[in-house]
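Below is one structure, written out as structure tokens; the observations come after it.
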Amino acid sequence: MSGSSTGNNLENRIPSAPPNFIRHIIEEDTRTGKYDGRVITRFPPEPNGYLHIGHAKSICLNFGLSIDYHGDCHLRFDDTNPEKEEVEYVESIKADVRWLGFDWKDHRYFTSDYFDRLYDYAVRLIRMGKAYVDSLSAEDIRRYRGTLTEPGKDSPFRNRSVDENLALFQKMKEGGLDEGECVLRAKIDMAAPNMVMRDPALYRIRKAHHHRTGDKWCIYPMYDFAHCLSDSIEGITHSICTLEFENNRELYDWILDTLKVYHPRQIEFARLNLSYTVLSKRKLIELVTGGHVTGWDDPRMPTLSGLRRRGYTPESIRNFCDRIGVAKRDSMVDLGLLEYVIREDLNKKAHRVMAVLNPLRVVIENYPEDQAEMLTAVNNPEDPDMGARQLPFSRVLYIERDDFMENPPKKFFRLSPGREVRLRYAYFITCTEVIKNETGEVVELRCSYDPATRGGDAPDGRKVKATLHWVSAAHAIDAQVRLYETLFSVENPAAAEDFKAVLNAGSVQTLTGCKVEPSLADAPPGFSCQFERLGYFCVDIRDCVPGRPVFNRVVTLKDMWVKIKDQHQK
RNA sequence: UGAGGGUUGGUGCAGCGGCAGCACGACGGGUUCUGACCCCGUUAACCAAGGUUCGAAUCCUUGACCCUCAGCCA
């Protein structure tokens with residue numbers, strides 16, 4: 001079991017996460033003393049976008065391992081491509097990792113901090129005759145590479161002398177060559193069965209402004225060259241990345257072995273796929289720039305900023321990551337699991353409140369006209385320490401439209417003509433009359449109440465089949481509530497020809513004129529609560545003005561009645 | 001037709017030569033001032049075929065199917 005119930009205290013989480021193949025490897029390495037028992041991992045995002053739930057899996061894995069095995073986890077920004085990267089992203093990434101509850105201590109690095117050393121390593125490779133400057137065009141390089149089944153052929157520039165290569169590489173560095181004129185390549189084997197090993201590019205010319213190094217450099221190292229060496233420089237022991245880098249491991253090893261430097265071990269695991277959403281950076285960017293969502297933090301987005309705004313807690317996401325496990329096979333995690341973990345967390349923590357989303361006016365005819373009284377409501381039945389509050393009750397109330405049916409089917413327990421139900425924490429009421437407008441729509445209910453049931457229990461012991469939530473009309477405050485559904489209407493939108501064609505048109509429904517209990521008037525942004533019988537909601541962190549709360553639905557409560565209803569309709 | 005990986009209930013993950021387990025889901029029941037939570041129960045899987053072994057999800061062989069790789073992205 002995970003020990004995450006103790007809130008933010010990560011050190012207390014017991015050897016929490018279930019066993020997985022990476023833990024086996026680390027434990028084996030520790031046993032054999034391979035890295036003197038050290039465990040140093042790293043989370044290496046490229047600062048070119050916002051973090052999403054898939055990154056959370058990697059963060060929880062890398063930081064979690066470092067905590068459980070008493071090591072460190074470095075936060076390293078892999079900023080080797082100046083054209084795509086921005087400081088805005090590094091700030092959001094730091095905020096998201098911190099929000100998730102992890103601490104990189106003083107281990108915050110940038111690959112760009114190593115540019116000088118990486119350049120020196122490249123020069124060493126050239127001197128060893130293991131790298132050369134290729135003046136072939138990008139297109140020719142592709143042609144010379146061969147195909148999956150045919151070997152490539154050597155570039156005519158492959159046998160330039162060390163001195164010529166040194167001079168050319170320096171010229172590249174000094175800006176004497178244009179973008180695309182040449183690249184530095186490793187000299188490995190153009191007939192290698194692994195395409196990655198067919199003389200991969202190590203450096204390219206980019207006359208672009210870098211967000212940290214400015215205009216100091218006009219050549220930038222490629223991922224394959226920079227990453228293994230950065231891991232080596234930092235003394236990483238286990239370099240954990242996703243499956244698509246399996247083919248790159250041979251090159252990772254080749255570079256470190258050829259240079260004879262400290263050699264971490266690369267281990268690959270399967271990235272997260274979540275049903276009813278997309279987790280590729282390219283697609284997420286498209287959703288934002290195409291205006292399909294309101295931004296990176298749209299509550300429907302799988303980004304950490306979106307989930308946070310939606311009302312997900314860091315604990316729930318960490319717990320999710322523990323539960324999905326880590327393996328090498330491609331899989332698709334059911335969205336239902338993410339909903340489960342946030343319900344589980346909020347059930348323990350969230351205040352219960354009463355809110356009526358779709359109000360139906362109810363007049364208690366035998367209740368005095370100008371009277372109001374306060375009734376006691378429990379804040380959280382799961383946690384007595386959360387106390388109780390006072391709720392105003394009066395003659396005119398609102399209940400949920402869905403809680404009344406004039407001609408109820410068999411399994412409908414709620415209010416209907418002549419039936420008695422309980423108003424939570426208040427009284428038993430009986431519906432005595434249904435008032436409709438000209439079009440036949442029910443606009444008001446007249447009811448009677450039993451004063452002896454004050455607080456919600458009948459002294460004579462009689463039972464009711466339903467308990468309804470309600471608010472006092474005179475005391476309730478108006479609120480806007482947004483109901484969210486999945487962003488996509490199909491389980492695997494990434495498999496669609498065009499993922500934008502399977503967007504769910506009803507992914508957000510904005511309700512106005514909702515009536516919430518007065519205690520919510522000054523709920524702070526981000527405040528999470530349970531609207532009893534409806535779901536978990538949180539106060540939006542952007543769109544609120546004081547006294548006029550806007551709520552986002554985090555997730556519904558599990559609902560038996562919808563199932564029964566659906567079965568009836570079939 | 002090249003190379004590297006992968007395949008266990010509906011879903012995700014364990015099990016690493018000795019009774020196939022956990023979680024989510026689904027289904028049924030109990031409880032209930034939330035048709036929630038909680039509790040109890042049921043359901044349902046080792047890709048296939050050979051081989052080794054007293055014994056195979058696990059080791060070996062062959063095959064099937066799936067994923068990744070032909071960026072001067074990461």
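In this text the structure is predicted, and so the values were computed from the model without any measurement. So you know, we letter chains A, B, ... as the sequences are listed, proteins then strands, and number each from 1.
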From the list [options], which nucleotide is the closest neighbour of the side chain of [X]?
| X | options | result |
| --- | --- | --- |
| M222(A) | A74(B), U68(B), C13(B) | A74(B) |
| K563(A) | A74(B), U7(B), C27(B) | C27(B) |
| A138(A) | A3(B), C72(B), A14(B) | C72(B) |
| P193(A) | G2(B), G25(B), C72(B) | G2(B) |
| L148(A) | C72(B), G2(B), G6(B) | G2(B) |
| F412(A) | G15(B), C37(B), G35(B) | G35(B) |
| Y340(A) | G35(B), G15(B), G25(B) | G25(B) |
| K558(A) | G12(B), G6(B), G25(B) | G25(B) |
| N20(A) | C72(B), G35(B), A14(B) | A14(B) |
| N248(A) | A74(B), A3(B), U34(B) | A74(B) |

side-chain hydrogen bond (donor to acceptor under 3.5 Å, both in side chains) between T376(A) and Q390(A), intermediate numbers included: CA-CA 5 Å; T376(A) 302; Q390(A) 296 299 112; 2.9 Å; yes
Donor-acceptor pair between R42(A) and S239(A) side chains, under 3.5 angstrom: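 A pair is found: one side chain offers a donor N or O, the other an acceptor, under 3.5 Å apart.
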Presence of Y223(A) side-chain N/O under 4.0 Å of C73(B) phosphate oxygens OP1/OP2: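 No, outside the criterion.
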Distance flag, aromatic centroids of F245(A) and Y252(A), threshold under 6.0 Å: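 Centroid distance Y252(A)-F245(A): not below 6.0 Å, so no.
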Sugar-phosphate, base or nothing in reach of [X], heavy atoms under 4.0 Å:
| X | value |
| --- | --- |
| L136(A) | base |
| N247(A) | base |
| R142(A) | sugar-phosphate |
| S331(A) | sugar-phosphate |

Geometric cation-pi criterion K173(A) and Y119(A), 6.0 Å radius, 45° cone: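 Yes - K173(A) lies over the ring of Y119(A), closer than 6.0 Å to its centre and within 45° of its axis.
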